[in-house]
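Structure first, then comments.
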Number of protein chains: 2
Amino acid sequence: MVHSSDPKALSSGSLAKVTGVSPDTIRHYERIGVLPGASRTESGYRRYPSSAVERVLVVQRALRIGFTLAELAEILKARDAGGAPCRRVYHLAQEKLKGITADIESLKRTERYLKKVLADWEQRTQIAGPGQKSHLLYSLSEAAMKSGAPANQLRRNRRT
Amino acid sequence: MVHSSDPKALSSGSLAKVTGVSPDTIRHYERIGVLPGASRTESGYRRYPSSAVERVLVVQRALRIGFTLAELAEILKARDAGGAPCRRVYHLAQEKLKGITADIESLKRTERYLKKVLADWEQRTQIAGPGQKSHLLYSLSEAAMKSGAPANQLRRNRRT
DNA sequence: ATGAACCCTTGAATGCATTCCAGAGTCAAG
DNA sequence: CTTGACTCTGGAATGCATTCAAGGGTTCAT
C-alpha cells in the first residue's frame, strides 16, 4: 500500500464547487444517506472518490424531476448494497410525471382565471378613478377555480 | 341598545364550517391579521359578523392565486383602515401571474424531459431483463433541463 | 351535575431542501 | 508563527399555511 489515498480524491468543498452546490449541502446529503459516508483523512477531513461528482449531479437531476431526498437515499442505498431498484425508480418517476402533469393543468386553470381577473380589474380601475375603493380582492369569484391549487406549495407531500 | 350582539354572529367553529376551513385556521387568520379581531362574548368566545364569511372566502381565493397571508394582512388591514390598496393589489396580482406563467413553462420543460426519460427507460428495461442493473437514475442527463425548476418547491419566496 | 361538544391560549410541529450558527481543529503560504 | 481559508460537529433556522398539543374554561342537554 504505497498510497492509501486516491489521487483523485476530493474534499467536501471541492466536490461542492465542482457540482455547483454548497458544502453544507454535501454534508447534508451524507447525513440523509444520499451520499455514502466518505472516507476520512487522518485529521477527519472527508475525501470523496471522483465518482461522487456524478452521484451529486444525479441527485440534483432527480430532485428536479421531483424525487425526494428520502426516496433517493432509499434507492441509492439499495443500489450501493448491490440491488437493482430499477422497478421502484421507474414507478416513482411515473408518479412524478403524473404529478407534474396535474400541476401544469392546475396552474393553467389558475393562470386563465387570473388573466380574466386582471382584465376585469383593469376596466374597473379605469372607471373608478385612482384612489377609489374598487374592492379588487372582493371581486374574486369562485368561477373557474374548480381545482386551481394554491400557486405556491404544489406537489409537496405526495405519499407514494 | 336592546341586543348588544348581532343575531347573525358566528362562532369560530361555525365560521370555519361555513367557509370550509378548520377552526385553527380561523384563529390563525386572526393572529396574522387577515381577519380583524372578533368581538367576544362575556365568556371570551369569538363572535364573527356575517361579513367574516366573505372575508375568509376572499382570503382562500387570493391564496390560490398566490397571495401570501402576510400580503393579504397588509392589504386587508389597509382596507379596514379606510385605504384603497387597489394599486398594490393589482400590482401584486400581476406579479403572481408572471410567476405562475413562468412556473408553467418550467414544469412543461420538466414534463417533456421526464417523458423522454421514461420512454428511454422503457426500452432499456426491456433489453436488460428484470432484476438487472440498468442504472436508470444515472442515465439522467443534463439535456433539456435548462431551467426546469425543482418540481416541488416552485414559486416560494418571490420578494415583491 | 355529568358528559359531550364547544371554545380559549400559547407555542410548537409539519414538510423538505437548504442554509446558518457556534465553537473548534487544520492546513498551506507568507 | 500567524493569518486566512478550509474543515469538522450537531442542532437550529428558513419559508408558509396549516395543524396539533396541552391545560383549562363554557354551554347545554340529559
Side-chain angles (χ1 to χ4, degrees), chain A residues 5 9-17 19-35 37-48 56 59-74 96 99 149-160, chain B residues 5 9-17 19-35 37-48 56 59-74 96 99 149-160:
Chain A
S5 58
L10 293 159
S11 67
S12 52
S14 322
L15 179 56
K17 201 159 294 177
T19 56
V21 306
S22 79
D24 267 317
T25 297
I26 295 293
R27 284 188 276 270
H28 183 53
Y29 282 4
E30 189 177 306
R31 270 196 273 206
I32 296 294
V34 102
L35 273 180
S39 59
R40 302 300 185 101
T41 68
E42 293 166 11
S43 49
Y45 283 24
R46 268 167 266 251
R47 306 263 81 198
Y48 288 101
V56 173
V59 169
Q60 292 289 303
R61 304 200 265 258
L63 283 176
R64 281 179 190 286
I65 286 179
F67 279 83
T68 234
L69 279 186
E71 290 167 347
L72 290 172
E74 176 210 319
K96 305 306 180 187
N152 275 330
Q153 70 209 72
L154 275 185
R155 206 121 305 287
R156 287 290 186 93
N157 21 315
R158 201 61 136 201
R159 87 207 63 187
T160 26
Chain B
S5 58
L10 293 160
S11 68
S12 52
S14 322
L15 179 56
K17 201 158 296 177
T19 56
V21 305
S22 80
D24 267 318
T25 297
I26 295 294
R27 285 187 277 269
H28 183 53
Y29 282 5
E30 189 176 306
R31 270 195 275 207
I32 295 294
V34 102
L35 273 180
S39 59
R40 302 301 185 100
T41 68
E42 293 166 11
S43 50
Y45 284 24
R46 267 167 266 251
R47 307 264 81 199
Y48 287 101
V56 173
V59 169
Q60 291 289 305
R61 304 200 265 258
L63 283 176
R64 281 179 190 286
I65 286 179
F67 279 82
T68 235
L69 279 185
E71 290 166 348
L72 290 172
E74 176 210 318
K96 305 307 180 188
N152 275 330
Q153 70 209 75
L154 275 183
R155 206 120 305 287
R156 286 291 186 93
N157 21 317
R158 201 60 137 202
R159 89 206 59 180
T160 26

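Here is how names work: the chains are called A, B, and so on, in the same order as the sequence lines, proteins then strands, and each is numbered from 1.
- Between A/Leu69 and A/His28 there is a side-chain heavy-atom pair separated by less than 4.5 Å.
- At the phosphate of C/dC8, OP1 or OP2 sits under 4.0 Å from a side-chain N or O atom of B/Arg27.
- Mapping B/Asp24 and B/Ala70 onto DNA chain D via the closest heavy atom, the residue that lands nearer the 5' end is B/Ala70.
- Atom CZ of A/Arg31 and atom P of D/dG11 are 9 Å apart (whole Å).
- The CD-C1' distance, from B/Glu30 to C/dT9, rounds to 12 Å in whole Å.
- The interatomic distance linking A/Arg64 (CZ) with C/dC16 (P) rounds to 19 Å, in whole Å.
- In terms of phosphate contacts, B/Ser43 brings no side-chain nitrogen or oxygen within less than 4.0 Å of OP1 or OP2 of C/dC8.
- Remark: A/Ser11 is not in phosphate contact with D/dC6, judged by side-chain N or O atoms under 4.0 Å from OP1 or OP2.
- A close approach under 4.0 Å does occur between a side-chain nitrogen or oxygen of B/Thr25 and OP1 or OP2 of D/dT19.
- In this structure, the side chains of A/Leu72 and A/Ile32 stay at 4.5 Å or more apart for every pair of heavy atoms.
- Taking CZ of B/Arg40 as the start and CZ of B/Arg46 as the end, the distance is 4.0 Å to the nearest 0.5 Å.
- The interatomic distance linking B/Tyr48 (OH) with C/dC8 (P) rounds to 7 Å, in whole Å.
- If you check every strand for non-hydrogen atoms under 4.0 Å, B/Arg40 touches sugar and phosphate atoms only.
- Between A/Tyr29 and C/dT18 there is a side-chain polar atom (N or O) within less than 4.0 angstrom of OP1 or OP2.
- Contact of the B/Gln60 side chain with the B/Val21 side chain is registered, since non-hydrogen atoms from C-beta on lie closer than 4.5 Å.
- Residue A/Tyr45 places a side-chain atom within donor-acceptor reach of the base of D/dC6, judged by atom type and a 3.5 Å distance cut-off alone.
- Picking from C/dT19, C/dT18, C/dT26 the nucleotide with the shortest atom distance to the side chain of A/Gln60 gives C/dT18.
- The distance between atom NE2 of A/His28 and atom P of D/dA12, rounded to the nearest whole Å, is 15 Å.
- Rounding to the nearest 0.5 Å places OG1 of B/Thr25 at 10.5 Å from CZ of B/Arg31.
- Rounding to whole angstrom units, CZ of residue B/Arg46 and C1' of D/dT26 are separated by 14 Å.
- Here the P atom of nucleotide C/dT19 and the CG atom of A/Leu69 are 12 Å apart, to the nearest Å.
- OP1 or OP2 of D/dA17 lies within a sub-4.0 Å distance of a side-chain N or O belonging to B/Thr68.
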